[in-house]
Amino acid sequence: MADGKIHIFDTTLRDGEQVPGCKLNTKEKIELAIALETLGVDIIEAGFPISSPGDFESVQEISKVVKDTTVCGLTRAVLKDIEVAAEALKPARRPRIHTGIGTSDYHIKSKFNSNREDILQRAIQCVKWAKNFVDDVEFYAEDAGRTDNEYLARVVEAVIAAGATVVNIPDTTGYCLPHQYGEKIAYLVNNVPNIDKAIISCHCHNDLGLATANSISGVLSGARQIECTINGLGERAGNTSLEEVVMILKQHHTLGYYTNIQTKMLNPISRQVSDTMRMPVQANKAIVGSNAFSHSSGIHQDGFLKDSLTYEIIAPEEVGADGSRIVLTARSGRSALAHRFHLLGFQFNRNDVDTLYAEFLKIADRKKEVENEDLQLLAKTYQAVPA
Ligand code: KIV
Ligand code: ZN
């Protein structure tokens, strides 16, 4: 297999920040950019410089502080956008301009009131213009997920010939099924003669909950960059979640793919993004949710206590999580109860545990979760009763 390095393009500060209520100021963006560089992302999309003076300033300041990571600014296929992005990116050691235009008939007809030929020419023009300012130009074909493959291939070939170093194939509306998205990438690999001159990028939205699956399908078909966000934040139902794709590639390392991500930072950075953006992470979120390493049913707890691999495919420390948790509820079993008593310093034999278990269930039926204090009281009351 060719080089299996997958470039991680983080767009938390651009697509992620588009979430209502998640607006960040420049100081917050700089702090997150520094954390993202330490995490090991290859590209930070820092913002959309022409959109507001605040975003211009953020991209400029991030360009000053980020050392080795590529800093990217978004533009429309508008010459002025590109000039403004180039200005904001001037201090960056590795600047990238991300420019593009809608290529689906929905966009061409309804948004631009235009035609395919005209859009193709605009795509070429914006890439050529961006090349006057930076070497690294990424082109996005917005709504590529619903773009006719033959036309998409023509656009991709033309923008690569114009100098694009990366071609982004966004499933902007989260429409594609994984096999369809994979086939789209494979179509480009097989039908664009100069495709070896550029990296193919996946940018998938989560409207049907398929963003992660689609990105992985894209990689399996030849894409070598994934655009993603911490906690899967992004427009509407969000973007591909960085922590998910990174851990999928790590877990399935036999496929031959790898990233530069320091996985032990995944939980800390998830919390940092959640706190800074004031956007809670759902408890059952893969990798970074508070329940991602919690075991609640008796059958699972018993298996987990015998060997954690029975119910955990990732060790919590590998992703910087606090550790596995055995949650005591009315669905828990005797082994979890005995284990917790042991941790609390009580030594009970099997008969004791049987008796205590009946009392435990009464508490558990009243409460969502039985706490250590409940068990300490239960144990002391039990010990106080003469045998
Ligand atoms: O979803 C999308 O198509 C985008 C582009 C601007 C890259 O975010
Ligand atoms: Zn997007």
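Note that the coordinates shown come from a computational prediction; the quantities given were computed from them, not determined experimentally. Counting convention: from 1, in listed order, for ligands and their atoms alike. Residue indices begin at 1 and follow the sequence shown.
Between Glu244 and Lys285, at least one side-chain N (NZ, or NE/NH1/NH2) sits under 4.0 Å from a carboxylate O, which counts as a salt bridge. Salt bridge absent: Arg146 and Asp105 never bring a charged side-chain N and a carboxylate O closer than 4.0 Å. Taking the charged nitrogens against the carboxylate oxygens, Asp207 and Arg236 do have a contact shorter than 4.0 Å, which makes a salt bridge. Remark: Asp55 engages Lys29 in a salt bridge, criterion side-chain N to carboxylate O under 4.0 Å. Between Asp42 and Lys5 there is a salt bridge, since a side-chain N of the basic residue sits under 4.0 Å from a carboxylate O of the acidic one.
Using modelled atom types and a 3.5 Å distance limit, the side chains of Asn231 and Ser270 yield a donor-acceptor pair.
Considering only non-hydrogen protein atoms, atom 3 (O) of ligand 1 sits nearest to Thr172 OG1, 2.7 Å. When hydrogens are left out, the protein atom nearest atom 1 (O) of ligand 1 is His205 NE2, 3.0 Å; that is the closest non-hydrogen contact.
Counting only distance, with no hydrogens or angles, the side chain of Glu157 and the backbone of Asn194 share no donor-acceptor pair below 3.5 Å.
Between atom 7 (C) of ligand 1 and the options Asn239, Thr173, Asn168, the minimum heavy-atom separation is to Asn168.
Asp15 has its closest N, O or S atom to the Zn ion (ligand 2) at the position named OD2.
Using a 4.0 Å cut-off between heavy atoms, Asp15 contacts ligand 1 through its side chain alone, with no backbone atom that close. Residue-level proximity to ligand 1 for Glu235 is absent, since no heavy atom of it falls below 4.0 angstrom.
To the nearest 10 degrees, the angle centred on the Zn ion (ligand 2) between NE2 in His205 and NE2 in His203 reads 100°.
Within ligand 1, the atoms closer than 4.0 Å to a non-hydrogen atom of Glu142 are 3 (O), numbered from 1 in the order shown.
Some N or O of His203 is nearer than 3.5 Å to an N or O of ligand 1, by distance alone.
Using a 4.0 angstrom heavy-atom cutoff, Arg14 counts as in contact with ligand 1.
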